[in-house]
Amino acid sequence: MSKNKEGSKAFAALQNVGKTFMLPIALLPVAGLFLGIGASFTGASFIKMYHLEAILGPGTFLNRLLTIFNDCDSVIFNNLGLLFAVSVALGLAKSEKGVAALSALVGYFMMYATMTSAIVNFGELERLKKIGGLLTNMLGFTNTMNTGVFGGIFIGLICVWLHNKYYKIKFPDAISFFGGTHFSPIAGALAGIVGGFIMAFLWPYIAMGIAGLGTLIGKSGYFGTFFYAYVYRALIPFGLHHVFYLPFWQTAVGGTVTIAGKSIVGAQNIVFAQMAAGQKISWEAARYFAFEFPVMIGGFPAAALAMYHCAKKNKRKDVKGLLLSSSLTSILTGITEPLEFTILFASPFLFWGIHCVLFAFSAVFVSLLKIGVGFTFSGGLLDMILYGVLPGQARTNWLGLIPLILFYFALYYFVFKFAILKFNLKTPGREDDEEEAVLHTKQDYVDEKNANGESTDSIPAMIVDGLGGKDNISTFEACATRLRVGVNNSDIVKKNLLKSTGAVGTVVHGKGVQVIYGTKVSTIGPEVEDYLGIEG
């Protein structure tokens with residue numbers, strides 16, 4: 001097998017695993033919202049600063065109500081490993097997804113029960129306690145190992161593999177009841193026992209390695225910070241950024257601290273634990289997040305403005321709405337795929353050689369200024385207010401972001417305008433007239449289908465046809481900003497047709513296809529799923 005084919009298979013596999021991460025990650029903004037409101041408005045410094053003791057002071061109705069909101073976030077943040085186990089099985093199961101999810105749930109509990117008992121009966125508890133962040137209390141188990149999201153992904157992958165392989169298994173009549181889908185939870189339980197034994201003896205060494213990697217990056221100073229931010233952004237076009245950043249957010253790679261007597265691992269967990277405890281937010285943990293705010297709020301809108309000013313005068317009206325709406329989305333929510341893929345398809349060098357480098361330097365700047373603003377999903381204005389402004393300047397140093405946002409607005413505008421004009425890049429509104437004339441439109445598609453005796457004018461039908469038809473689609477998933485599709489033959493994917501449906505861009509790698517729509521994918525995805533279901 002050629003290296004190309006091996007790379008394509010690896011890409012497709014990582015894409016499939018990465019897309020399952022979005023299910024639990026999508027819960028974080030909700031948990032973070034409760035935490036942001038609850039922790040901020042019940043914080044002693046906030047109450048004292050605005051003289052709200054009579055309304056929000058300890059013992060008041062609002063204080064008690066908001067404390068409940070504050071406590072609710074722990075249900076999600078403390079059980080992310082379990083959520084990842086279920087979501088991986090649910091997302092990768094070929095059929096009977098509910099049974100696969102149940103199998104992973106059973107496997108996860110059995111894995112922790114086995115690990116906990118193995119530590120008592122075979123392990124050296126005192127030695128294990130010396131490994132920072134290794135032991136914890138969770139799910140009713142005391143002094144068990146904190147495998148975090150890695151443990152969830154590990155057992156989820158095993159359980160879904162067993163499910164896909166054996167959910168149709170047949171046994172002799174005497175024990176036929178245990179066959180088929182009934183066998184999947186049994187297999188999950190057995191996998192949990194075996195996986196628990198393996199983890200009990202292997203995970204301490206993995207934990208030490210992870211902690212060592214985190215220490216290495218920490219000791220690398222600003223170079224390590226730059227490296228993290230560059231790779232994180234450079235992987236966006238491939239949809240593999242979730243695989244890269246998750247260890248920093250949720251494991252000891254992102255740091256380990258003790259808060260209120262409890263060991264907390266992972267940069268995101270540290271930030272929100274400190275917020276809940278009313279402590280000052282650690283800039284060392286927040287550096288994995290805060291660097292996005294200057295680019296999302298200042299940089300991308302400036303890049304859009306530069307593209308607008310560089311567009312041909314007769315086309316500025318056509319691109320104004322697209323660039324304006326994409327800029328507002330970036331500012332408010334930090335979702336940037338429409339603009340980022342516009343940059344990528346205009347010039348790969350503009351994306352990886354300029355944009356990603358500027359993004360990485362933002363991480364260095366927020367570290368130099370010791371800014372402690374975190375987020376749950378992306379670095380937009382809403383998250384900046386919730387997790388920077390409301391907790392207060394003394395805890396987050398959010399005011400340091402203001403000059404950075406202004407600086408990045410100017411930097412992106414002048415750098416992008418210079419590059420677009422200097423290298424004649426085909427950003428929106430600068431396309432050659434003849435090139436635009438051959439692009440497919442929805443009406444072209446309808447006319448072609450009608451001429452062939454087919455009647456359809458729906459966007460979902462166009463998308464399915466652009467992907468090579470329903471027979472060419474092997475897997476389909478709607479992510480936060482894109483459709484992630486597995487195809488049997490990528491050569492028959494029609495990028496121009498997909499572009500005519502509103503797609504910002506299409507990435508094809510081996511048998512993995514990603515069609516980027518931005519925030520409107522939340523409505524497009526279900527429509528295509530319904531269309532595929534109707535068509536069988």
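Sequential numbering from 1 along the given sequence is applied to the chain's residues. These numbers were taken from a predicted model, which means no experiment stands behind them.
- Counting only distance, with no hydrogens or angles, the side chain of Asn164 and the backbone of Lys94 share a donor-acceptor pair below 3.5 Å.
- Not counting sequence neighbours, the partners of Val364 by the side chain to side chain contact (heavy atoms under 4.5 Å, CB included) test are Tyr222, Phe226, Leu368.
- Here Gln279 pairs with Ile259, Gln274, Ala277 under the side chain to side chain contact (heavy atoms under 4.5 Å, CB included) rule; sequence neighbours left out.
- The shortest side-chain heavy-atom distance between Val160 and Leu90 does not fall under the 4.5 Å cut-off.
- Ser330 places a side-chain N or O within 3.5 Å of a backbone atom of Met296 that can act as its donor or acceptor partner.
- The shortest side-chain heavy-atom distance between Val464 and Ile473 falls under the 4.5 Å cut-off.
- Ring centroids of Phe289 and Trp249 are separated by less than 6.0 Å, placing the two rings close together.
- No donor-acceptor pair closer than 3.5 Å links the side chain of Asp383 to the backbone N or O of Gly379.
- The minimum heavy-atom distance linking Ser474 with Asn488 is given by the pair CB-OD1, 3.8 Å.
- No close placement of the Tyr387 and Phe375 rings is indicated, their centers lying 6.0 Å or farther apart.
- The ring of His355 has its center closer than 6.0 angstrom to the ring center of Phe300.
- Under the side-chain hydrogen bond (donor to acceptor under 3.5 Å, both in side chains) criterion, the residue pairs touching residues 299-311 are His309-Tyr413, with sequence neighbours excluded.
- Residues forming a side-chain hydrogen bond (donor to acceptor under 3.5 Å, both in side chains) with Asn397 (at least two apart in sequence, or on another chain): Gln393.
- Taking a cutoff of 4.0 Å between a charged side-chain nitrogen and a carboxylate oxygen, Glu477 and Arg482 do not qualify as a salt bridge.
- Applying the side-chain hydrogen bond (donor to acceptor under 3.5 Å, both in side chains) rule to Ser282 yields the partners Glu284; only residues at least two apart in sequence or on another chain are considered.
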Can you give the donor-acceptor pairs under 3.5 Å from side chains of residues 399-409 to other protein atoms, not counting sequence neighbours?
{"from": "Tyr408", "atom 1": "OH", "to": "Leu358", "atom 2": "O", "distance (Å)": "2.6"}
{"from": "Tyr408", "atom 1": "OH", "to": "Ser362", "atom 2": "N", "distance (Å)": "2.9"}

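- Counting heavy atoms from C-beta outward, Ile264 and Thr256 have side chains that stay 4.5 Å or more apart.
- Separation of the Phe291 and Phe359 ring centroids falls under the 6.0 Å cut-off.
- Contact of the Val389 side chain with the Thr396 side chain is not registered, since no non-hydrogen atoms from C-beta on lie closer than 4.5 Å.
- For the pair Thr506 and Lys499, the minimum side-chain heavy-atom distance is 4.5 Å or more.
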